[in-house]
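Computation of the quantities below employed the complete heavy-atom set of this structure, encompassing side-chain atoms and omitting hydrogens, waters and symmetry-equivalent molecules. Since the model is a prediction, treat every value here as computed from it, not as a measurement.
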Amino acid sequence: MKLFLFTALAVAAMSTTTALAQSSADQSASGQETLQKDASGDAAMQQDETDVTAAAEGEQFGKGGYTSSDGEEIYRTLCAGCHMPEGGGAIGAGAYPALAGNPNLEYSAYAVALIVNGQKGMPAFGTFLDDEQIVALVTYMQTNLSNNYTPDATTESVAAVRPAEPVDPNRAEHE
């Protein structure tokens, strides 16, 4: 037990020494300027976070939500991270089905329902995208990504899939 306590104290002391050394290293050569740090204490991440925040508050994202109405741009921004830029799908932290050559996209109802309501690991974008944006996205997926289907999504078909009282499943568990 004494060995365990001694080891724990030694690790804590080394952590404190490392933190003090890092704090000193973050000061400029003159010793007057200290790098700003994010909540985790990582100064290098702050610029990335600032850039992402600026983009999120820029032209495409902002207080009014996501504003692009171009299907390809919506796909590249919201879908390509999981389904890959060319729609090939991926397996890693989860399984992301291929959209390229996917026979489920021949008729838009399947894609519209998944985009609006989500399923399993896919978030619901129905609270994020309006009907026209979903039509543009589905049309892009039906006519690109190695697909050559006749686009058949309409704003009426999207509206019909939306629940009467929308619940954001991405936030419901936290309220």
Side-chain angles (χ1 to χ4, degrees), residues 36-175:
Q36 290 182 325
K37 297 179 180 182
D38 65 8
S40 69
D42 188 352
M45 291 296 292
Q46 185 174 12
Q47 185 60 46
D48 290 341
E49 290 173 5
T50 301
D51 293 344
V52 169
T53 300
E57 294 172 352
E59 294 176 13
Q60 291 181 349
F61 291 94
K63 293 184 173 66
Y66 186 72
T67 58
S68 177
S69 59
D70 178 75
E72 181 177 9
E73 188 172 330
I74 295 169
Y75 179 83
R76 299 238 179 264
T77 304
L78 302 177
C79 309
C82 295
H83 295 283
M84 299 294 107
E86 301 305 317
I91 296 177
Y96 308 99
L99 300 175
N102 188 328
N104 289 325
L105 294 175
E106 183 174 1
Y107 301 103
S108 65
Y110 175 78
V112 167
L114 284 177
I115 293 167
V116 170
N117 299 307
Q119 180 179 343
K120 297 182 183 178
M122 182 173 156
F125 289 104
T127 57
F128 187 67
L129 298 173
D130 64 28
D131 294 354
E132 291 84 12
Q133 291 170 314
I134 292 173
V135 168
L137 175 58
V138 172
T139 298
Y140 173 78
M141 291 188 307
Q142 287 183 305
T143 59
N144 291 278
L145 308 174
S146 300
N147 296 320
N148 191 21
Y149 301 122
T150 302
D152 62 342
T154 64
T155 55
E156 293 78 18
S157 66
V158 175
V161 171
R162 290 187 185 277
E165 293 185 35
V167 175
D168 185 351
N170 303 313
R171 287 195 261 161
E173 66 187 55
H174 303 289
E175 293 178 353

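In this structure, Ala90 and Cys82 approach most closely via the heavy-atom pair CB-O, 3.8 Å. Minimum interatomic distance between Asn117 and Pro163 (heavy atoms only, all atoms of both residues): OD1-CD, 3.8 Å. Here the closest non-hydrogen pair linking Ala100 and Glu86 is CB-O, 3.6 Å. Taking each heavy atom of Ala111 and Leu105 in turn, the nearest pair found is CB-CD2, 3.6 Å. For the residue pair Gly87 and Leu145, the shortest heavy atom distance occurs at N-CD2, 3.9 Å. The shortest heavy-atom contact between Val112 and Ala153 is CG2-CB, 4.4 Å.
Taking OG of Ser69 as the start and CG of Leu129 as the end, the distance is 11.0 Å to the nearest 0.5 Å. The line from OG1 of Thr67 to CD1 of Ile74 is 9.5 Å long, rounded to the nearest 0.5 Å.
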For a side chain to side chain contact (heavy atoms under 4.5 Å, CB included) check, start with the C-alpha distance between Leu137 and Phe125, then their side-chain angles and the critical distance, and finish with the verdict. CA-CA 11 Å; Leu137 175 58; Phe125 289 104; over 6 Å; no
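Within the structure, no pair that satisfies the ring pair (Phe, Tyr, Trp, His ring centres under 6.0 Å) test touches residues 82-105, not counting sequence neighbours. Applying the side chain to side chain donor-acceptor pair (under 3.5 Å) rule to pairs touching residues 143-152 yields Ser108-Asp152, Gln142-Asp152, sequence neighbours excluded. Residue pairs meeting the salt bridge (charged side-chain N to carboxylate O under 4.0 Å, His left out) criterion with at least one member in residues 110-126, sequence neighbours excluded, do not occur.
Partners of Glu72 under the side chain to side chain contact (heavy atoms under 4.5 Å, CB included) rule, at least two apart in sequence or in another chain, are Asp70, Arg76, Tyr140. For Asp131, the side chain to side chain contact (heavy atoms under 4.5 Å, CB included) criterion is met by Thr155, Val158, Ala159, Arg162, not counting sequence neighbours. Annotation: side-chain hydrogen bond (donor to acceptor under 3.5 Å, both in side chains) contacts of Thr139 (sequence neighbours excluded): none.
Counting only distance, with no hydrogens or angles, the side chain of Gln133 and the backbone of Asp130 share a donor-acceptor pair below 3.5 Å.
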